[in-house]
Every structure is written in structure tokens, then in C-alpha cells.
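Encoded as C-alpha cells, the structure appears first; notes follow it.
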Amino acid sequence: MTDLEKEVNVEELTFDVTRKIRQYMKGLIEHGGSDLHIKANAQVRARINGDIVTVTKEKITHEESVTMAKEILRGRFREFVENKEIDFLYMYDENTHFRGNMFFQMDGVSAVFRVIPAKIATIDELELPSAIHKLTDLDRGLILVTGVTGSGKSTTLAAIIDEINKKKKKHIITIEDPIEFVHQDRKCLINQRSIGQDSLSFSRALRAALREDPDIILVGEMRDVETIDTALHAAETGHLVLSTLHTLDAKETINRTISVFPPEDQNRVRHTLASVLQGVLSQRLVKTVDGGRTAAVEILFNTSYIQKLILEKRDMEIKDALDEGTQIYGTQSFDTALLKLYKKGKISLDEALSNATSPNDLKLRIDGMETNVDVGQGRSGVYIAEDDADIYGLKED
């Protein structure tokens, strides 16, 4: 019987590897990093200010990587060996926990740990556009938060749910994989379900939720046709549904939601989406001049004009419609969000242009501004450890 085939006996574990991993976690937290990367036969790395940086010369051995999996997963180690990857939650302390994923690769076991603060930041603390507060007043419909992996979608959704929890008397069901932010019952009753532990799939949990007297349903991710179709049905029948998609902007979000369905169903879905959609927040994290990161957010509210564009398949006109509705509705395109951040001196010109949907158009808008903004250059954000004895002794190249 190989080491991987053995059942885990917790009493035989020393947890020496876990103590080492926790030191790396501590350094990640202290330096404001977002993700810790552990790989067998490789140096430990972290994502700090958006960049993957080496934090120690020490390598994690193949044996240590397997022991790490046993010590952290314990009773779920067998599940990990059978499925070859696994999502989990790791509690660091009462103020911080990590969303983790372990997987096998050619040299052994790798793991990625993402920091999840126990304290849920508010919309204002996250410095998100104030127009987002409008979404917390809604009672029905569909709200989508979109962006690439690591763009802060879960953090934004948690802030929205937290505000609703503080001011409304509702029943909220969350379906997540895994649970990241833990919500305490305030004015709302909140039931949080984890895929794998509390339910077998998003689509199954979402169907069940409709029989559980919910007012608000949060679906961690709309991954398949069945989940999207059920979410649209839930929104259509008077519930407020919040979810995420891995799309770059509002236009792509609408196209993706519709295009996953068979051609014969797409016209029906387009009409349903135009009817139930309340808002799309598409966000990207951009580097600030002081070496940190902030969210640039495209905001779509489903006004009568946006609804008309969706119904008439005029999706290419959505970007301009968002900017035209800025003063009245609080909508904005990505380029306008970047322009505002640049004018405030938070991001550099290069950062604004490199993240723009239409760099040339944004450059013309910036050139046309009457006031020049001196934003500086900020730090490179690239670091490397000099000595293993000083974990996270970060130093600029």
C-alpha cells in the first residue's frame, strides 16, 4: 500500500509542515498579499499587489507536500486522492481564514490559499462606487458580479449581502463552493450551504432553495446551463438572485448568459434576461500609484433603454449607453471608471490605458481634460526574499 493509499491517522501527524505553512500565511497577511502558492519541489511564492513573487529560497519537498495535504485535509484526504483536486476552507485565526484548493501535478501536490478576512468590508470601505448601494434596496430580479478570477467578486457580493443583512428582514440562502465570508444573522436569517459538504451541486441546491422560503438567493457561480436557467426562473418568480460569472464586461456577460443555451432557446432566454436583470457589476483590480490595488467597476443598471438594447440584440451599443446614463442612473463603462481613478490620482496613465476597453478613446478623453493630474509612478510591487531565516523579508529588486 502506497503512502497515498493509506487512511490518515491524525494521531500519527506531527503538524510540523502545517506550522511552516502558517508562517508563510502570516507573512502573506502582514504584507497585504492575496494568495499563497505551495508547490512540491519548488520555492514558496505569493501574489502581492497582483504579482507572483518568491518569498523564500526554501523548497517544499515532495514528501512535505503530501504531509501538508494529510495535515490540512485530514478526513478529506481520501476524497482528495480520489478526485485529484479539492476545495476547502482553512481557519487561520478568528480574524482570517483561507479559501484553499489542492491539486496533484507532475512533481507532487500543490496548493493555493486565498486570504478571506473574517470582517466583511462595507461597500464604502471597499471604495466601490456609491451607486452600488441601490442594489441593496431591490426585492427581486438578477444581479451579476463579473470579472476574472481574483478580481474581488466574492468580496463585493459579501458587502452587498452584509448591507442587506443590516437593514432588511429577509431570508437569505447562499450556495457556495466553498463558503468564504461567514455572515451572522442580524436582521436577516441567513443559511449558508457549501457544495460538497451541504449539497451535491449548484443546480441541485438552487432547485431545493426554491422550496425553502427564500427572499434572496446567492449562487456562488453560475457554471452550467441548468444553474443559469434555474437562477433566471428564481428571479422571474419574485426572488432576488445574486451570482457571478467569469466575464470581462457587461456586454460579454449578457452574451455569455444567452449563448450557453441551445440556439432554439436563446430568444426565450434573451427576453427573460431583459425582464429580470437588475444590474451587472464588472470589475477589474488595477494597480494604484502607491503599490496597492483598487477596483475599477463597470456598472450596468437595467434601464428601459438597456432593456431595449438587449431585446433588439444591440449589445454593441451597451458601452456607450452606460456612459450616457452616468449622471441620471449612476451607470458607467470601464473606461469611465478608469478615467475617474486617474483624475483622482489613484492610478497612472499607463495603468489606465493598459486596462481600458478602448485605449485610444480613453487617451483622447484624458488629453481633453482641462486639468492635468500628476499621479506619479508608484512602486514596482516586485519583491524577493533574501534569507530563509527572515520569511517574507521582502525587498525590492
Side-chain angles (χ1 to χ4, degrees), residues 3-4 8 10 12-74 76-77 80 84-118 148-152 155 178 180 285 287-288 290-293 378-397:
D3 193 42
L4 290 177
V8 174
V10 176
E12 294 178 352
L13 299 174
T14 65
F15 295 93
D16 289 340
V17 176
T18 297
R19 278 189 282 273
K20 184 185 295 186
I21 300 300
R22 287 178 63 85
Q23 286 299 309
Y24 300 141
M25 290 177 172
K26 180 181 178 183
L28 182 79
I29 295 167
E30 289 175 347
H31 289 87
S34 60
D35 299 86
L36 180 69
H37 290 258
I38 309 294
K39 176 186 174 184
N41 296 327
Q43 295 168 299
V44 177
R45 289 173 168 81
R47 187 177 295 278
I48 298 178
N49 296 332
D51 294 322
I52 294 290
V53 298
T54 305
V55 298
T56 177
K57 292 179 181 177
E58 178 185 13
K59 291 186 177 181
I60 299 295
T61 66
H62 173 88
E63 291 74 18
E64 285 178 323
S65 75
V66 175
T67 301
M68 170 189 69
K70 289 182 176 181
E71 291 181 350
I72 289 178
L73 296 176
R74 305 190 191 188
R76 297 188 69 191
F77 181 74
F80 172 51
K84 308 304 180 186
E85 61 261 328
I86 191 169
D87 291 316
F88 59 93
L89 198 67
Y90 180 80
M91 303 300 293
Y92 178 78
D93 59 25
E94 61 181 11
N95 296 316
T96 307
H97 56 270
F98 288 81
R99 183 186 73 193
N101 179 277
M102 281 190 194
F103 56 96
F104 285 98
Q105 41 83 21
M106 60 185 296
D107 291 319
V109 174
S110 284
V112 181
F113 299 88
R114 170 158 295 174
V115 179
I116 307 293
V148 299
T149 300
S151 59
T155 304
E180 296 185 17
L285 291 182
K287 291 183 180 180
T288 57
D290 61 2
R293 291 195 294 173
R379 301 173 64 188
S380 68
V382 181
Y383 306 86
I384 188 165
E386 191 174 52
D387 190 341
D388 286 342
D390 180 20
I391 295 174
Y392 285 84
L394 301 181
K395 176 182 178 183
E396 285 194 279
D397 284 347

For a quick test of reading the model, state the closest non-hydrogen atom pair linking Val17 to Thr67 and the distance between them. CG2-CG2, 3.9 Å
Would you say the side chain of Glu58 lies within less than 4.5 Å of the side chain of Tyr24, judging by non-hydrogen atoms? yes
Would you verify whether the NZ or CZ of Arg22 falls within 45 degrees of the ring axis of Tyr92 while also being under 6.0 Å from that six-membered ring's centre? yes
Among Asn101, Ile21, Leu28, side-chain contact (heavy atoms from CB on, under 4.5 Å) partner for Phe113: Ile21
Quick one: are His37 and Ile52 in side-chain contact, heavy atoms under 4.5 Å? yes
Output all residues satisfying salt bridge (Lys or Arg N to Asp or Glu O under 4.0 Å) with Asp16, sequence neighbours left out; order by chain, then residue number. Arg19
Might you point out which heavy atoms bring Ala40 and Ser65 nearest each other, and give the distance in Å? CB-OG, 3.5 Å
Any residue meeting salt bridge (Lys or Arg N to Asp or Glu O under 4.0 Å) with Arg47, in chain and number order, not counting sequence neighbours: none
Is Arg293 close to Thr288 at the side-chain level, that is, under 4.5 Å between some pair of heavy atoms? no
Go through the steps to decide whether Val53 and Val55 satisfy the test side chain to side chain contact (heavy atoms under 4.5 Å, CB included), and finish with yes or no. CA-CA 6 Å; Val53 298; Val55 298; 4.3 Å; yes
Closer than 3.5 angstrom, by distance alone: can the side chain of His97 be matched with the main-chain N or O of Ala118 as a donor-acceptor pair? no
So for atom CE, which belongs to Met91, do other residues, nucleotides or ligands contribute more than 12 heavy atoms lying within a distance under 6.0 Å? yes
I'd like to check Ile38 versus Val44 (side-chain heavy atoms, cut-off strictly below 4.5 Å). Are they in contact? yes
Would the Phe104 and Phe80 ring centres measure less than 6.0 Å apart? yes
Check: Lys84 and Phe103 side chains under 4.5 Å, non-hydrogen atoms: no
Please round to the nearest 0.5 Å and tell me the distance separating atom CZ of Arg45 and atom OG1 of Thr54. 4.0 Å
Between the OG1 atom in Thr61 and the CE atom in Met68, the distance rounded to the nearest 0.5 Å is 10.5 Å
Let's go through Thr149 and Arg114 carefully: what are the C-alpha distance in whole Å and the side-chain angles of both, what is the deciding distance for side chain to side chain contact (heavy atoms under 4.5 Å, CB included) to 0.1 Å, and is it a yes or a no? CA-CA 11 Å; Thr149 300; Arg114 170 158 295 174; 4.2 Å; yes
Value for NZ (Lys26) from CG (Asp93), rounded to nearest 0.5 Å, stands at 11.0 Å
Tell me, do Gln105 and Asp107 make a side-chain contact under 4.5 Å, heavy atoms counted? yes
Which atom pair, heavy atoms only, marks the closest approach of Lys39 to Ser110? CG-OG, 3.3 Å
Heavy-atom distance under 4.5 Å between the side chains of Asp35 and Val115, does that happen here? no
Electrostatic pair Lys287:Asp51 at N-O distance under 4.0 angstrom: yes
Side chain to side chain contact (heavy atoms under 4.5 Å, CB included) between Phe98 and Leu89: does it pass, once the steps are laid out? CA-CA 6 Å; Phe98 288 81; Leu89 198 67; over 6 Å; no
Any side-chain heavy atom of Met102 within less than 4.5 Å of one from Ile72? yes
Any side-chain to backbone donor/acceptor pair from Asn49 onto Gly291? Under 3.5 Å, distance only. yes
Going by an N to O cut-off under 4.0 Å, is there a salt bridge joining Glu64 and Lys20? yes
Would Thr96 and Ile116 count as a side chain to side chain contact (heavy atoms under 4.5 Å, CB included) here? Give the steps. CA-CA 6 Å; Thr96 307; Ile116 307 293; over 6 Å; no
Minimum heavy-atom distance Lys70-Leu13, with the two atoms named: O-CD1, 3.9 Å
